[in-house]
Protein chains: 2
Amino acid sequence: MMNLDHTFAALADPTRRAILARLALGEATAGELASPFAISQPAISRHLKVLEDASLIARIRDGQHMRCRLLPEALKSANDWLAFYSRFWSESFDRLDEHLKQEGSDDE
Amino acid sequence: MMNLDHTFAALADPTRRAILARLALGEATAGELASPFAISQPAISRHLKVLEDASLIARIRDGQHMRCRLLPEALKSANDWLAFYSRFWSESFDRLDEHLKQEGSDDE
DNA sequence: ATGTTATATAACATACTCGTTAAATGATGA
DNA sequence: TCATCATTTAACGAGTATGTTATATAACAT
């Protein structure tokens, strides 16, 4: 239901990331989301379905239009997964990393 | 060279995420990385190539073995991309935080 | 009802992913 | 050299992804 496989796969496409960036500014209809792109409307419709299946957006019918809005939870899950690795690029880890490298090269 | 498409696509596979989790504990050879998995060793070798192409790991030959280590930069890039959206899941926390401050709570 | 607009679905082509098994490469060591 | 171990590459198949165009559905307006 909020699966990291689906989340990361959905984020792997630049069109979908651009759609999310647009939705960060506020809700938009499918047509508004499609207009900046050179690809066909059905292609955008399917991107929106991928994003919806990944729980990254919600789509609700609004009369003739389909209104889309960002859902934060899946992004938060992805962020949480990545945060586990933050020590690898944080400064305090750099010192530990340096230490481990010196220790390792002595053994060989 | 450190492309978000490749990074997120690489992270979309659970086997590859498990490999990264293992490498967070320290360097390992291709064989060591393959052993926990039910899939064939050539399959793991290709997962390692995907991770390498995404700049998520480095592989260096070490005699008969191929030693792998985590590279943090691509993970950091993905984290940075996601961080832009953090306001969408920290908003409610911020309101709670604001509320607690108004209550004069001095916990934590 | 009919036409128009907004969006989704169907059918299709192409390409990629991920697994397999078999063969090739590279390093070690008798 | 020959055998063996570690790893990659090749060849293949099944399933998935992404685009297209054509058609269907849903809501709105006349």
Side-chain angles (χ1 to χ4, degrees), chain A residues 1 3-23 26-71 74 78 107-108, chain B residues 3-23 26-70 74 78:
Chain A
M1 194 172 229
N3 176 308
L4 273 186
D5 290 25
H6 294 162
T7 304
F8 282 129
L11 296 179
D13 185 279
T15 300
R16 288 193 292 262
R17 288 199 306 277
I19 288 171
L20 294 177
R22 166 63 186 81
L23 290 177
E27 296 189 0
T29 67
E32 288 165 351
L33 292 170
S35 58
F37 296 101
I39 65 180
S40 66
Q41 179 271 323
I44 295 292
S45 180
R46 290 217 309 205
H47 279 307
L48 294 176
K49 177 154 179 44
V50 171
L51 290 168
E52 185 180 48
D53 289 348
S55 300
L56 283 161
I57 68 169
R59 288 192 291 182
I60 55 170
R61 185 162 276 285
D62 177 14
Q64 218 168 355
H65 300 89
M66 201 57 106
R67 188 148 294 276
C68 303
R69 71 169 200 280
L70 198 65
L71 294 181
D107 291 340
E108 237 64 34
Chain B
N3 176 310
L4 272 186
D5 292 23
H6 294 161
T7 303
F8 283 129
L11 295 179
D13 185 279
T15 300
R16 289 194 289 262
R17 289 199 304 277
I19 288 171
L20 293 178
R22 166 64 186 80
L23 290 177
E27 295 188 1
T29 67
E32 288 165 352
L33 292 169
S35 59
F37 297 100
I39 65 180
S40 66
Q41 187 273 329
I44 296 292
S45 180
R46 291 218 308 204
H47 279 306
L48 294 177
K49 178 153 178 44
V50 171
L51 290 169
E52 186 181 46
D53 290 349
S55 300
L56 283 161
I57 68 169
R59 288 193 290 183
I60 55 171
R61 185 160 278 286
D62 177 15
Q64 219 167 354
H65 301 89
M66 201 59 107
R67 188 148 293 276
C68 304
R69 73 169 200 281
L70 198 65

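Small disclaimer: the values here were computed from a predicted structure and weren't measured. Lettering of chains follows the sequences in order, A, B, ..., and the numbering in each one begins at 1.
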State which of [options] makes the closest approach to the side chain of [X].
{"X": "A:Gln41", "options": "C:dA8, D:dT8, C:dC18", "value": "C:dA8"}
{"X": "B:Ser45", "options": "C:dC18, D:dT9, C:dT20", "value": "D:dT9"}
{"X": "A:Pro42", "options": "C:dA22, C:dC18, C:dT9", "value": "C:dT9"}
{"X": "B:Arg61", "options": "C:dT20, D:dA27, C:dG26", "value": "C:dG26"}
{"X": "A:Met66", "options": "C:dT20, C:dA8, C:dC18", "value": "C:dA8"}

Could you tell me the separation between the [atom1] atom of [X] and the [atom2] atom of [N], rounded to a whole number of Å?
{"X": "B:His65", "N": "D:dC5", "atom1": "NE2", "atom2": "P", "value": "12 Å"}
{"X": "A:Ile60", "N": "D:dA26", "atom1": "CD1", "atom2": "C1'", "value": "16 Å"}
{"X": "A:Ile39", "N": "D:dT20", "atom1": "CD1", "atom2": "P", "value": "6 Å"}
{"X": "A:Lys49", "N": "D:dT18", "atom1": "NZ", "atom2": "P", "value": "13 Å"}
{"X": "A:Ile57", "N": "C:dA8", "atom1": "CD1", "atom2": "P", "value": "9 Å"}
{"X": "A:Arg46", "N": "C:dA8", "atom1": "CZ", "atom2": "P", "value": "12 Å"}
{"X": "B:Asp13", "N": "D:dA17", "atom1": "CG", "atom2": "C1'", "value": "15 Å"}

Are OP1 or OP2 of [N] and a side-chain N or O of [X] less than 4.0 angstrom apart?
{"X": "B:Thr29", "N": "D:dT7", "value": "yes"}
{"X": "A:Ser40", "N": "D:dG19", "value": "no"}
{"X": "B:Arg59", "N": "D:dT7", "value": "no"}
{"X": "B:His47", "N": "C:dG19", "value": "yes"}

What are the two closest heavy atoms between [X] and [Y], and how far apart are they?
{"X": "A:Thr7", "Y": "A:Ala74", "value": "CG2-O, 3.8 Å"}
{"X": "B:Leu23", "Y": "B:Arg69", "value": "CD1-C, 4.3 Å"}
{"X": "B:Asp5", "Y": "B:Asn3", "value": "N-OD1, 2.6 Å"}
{"X": "B:Leu48", "Y": "B:Cys68", "value": "CD1-SG, 4.1 Å"}
{"X": "A:Ile44", "Y": "A:Ala30", "value": "CG2-O, 4.4 Å"}

Is a side-chain N or O of A:Arg17 found less than 3.5 angstrom from the main chain of A:Leu11, in a donor-acceptor match?
->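 Yes, A:Arg17 side chain to A:Leu11 backbone: donor-acceptor pair under 3.5 Å.
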Identity of whatever pairs with C:dA15 - Watson-Crick or G-U, under 3.5 angstrom =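 Looking at the geometry, C:dA15 pairs with D:dT16.
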Check whether the side chain of A:Gln64 and the base of D:dC28 form a donor-acceptor pair under 3.5 Å.
->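 Such a pair does not exist between side chain and base.
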Would you mind classifying the nucleic acid contact of A:Arg67 as base, sugar-phosphate or nothing, using non-hydrogen atoms under 4.0 angstrom?
->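 No contact.
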Touch check for B:Ala30, heavy atoms < 4.0 angstrom, all strands: base, sugar-phosphate only, or nothing?
->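 It contacts sugar-phosphate atoms only.
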Nearest nucleotide by nearest heavy atom, which residue falls closer to the 5' end of DNA chain D, B:Leu48 or A:Thr15?
->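 The residue whose closest nucleotide sits nearer the 5' end is B:Leu48.
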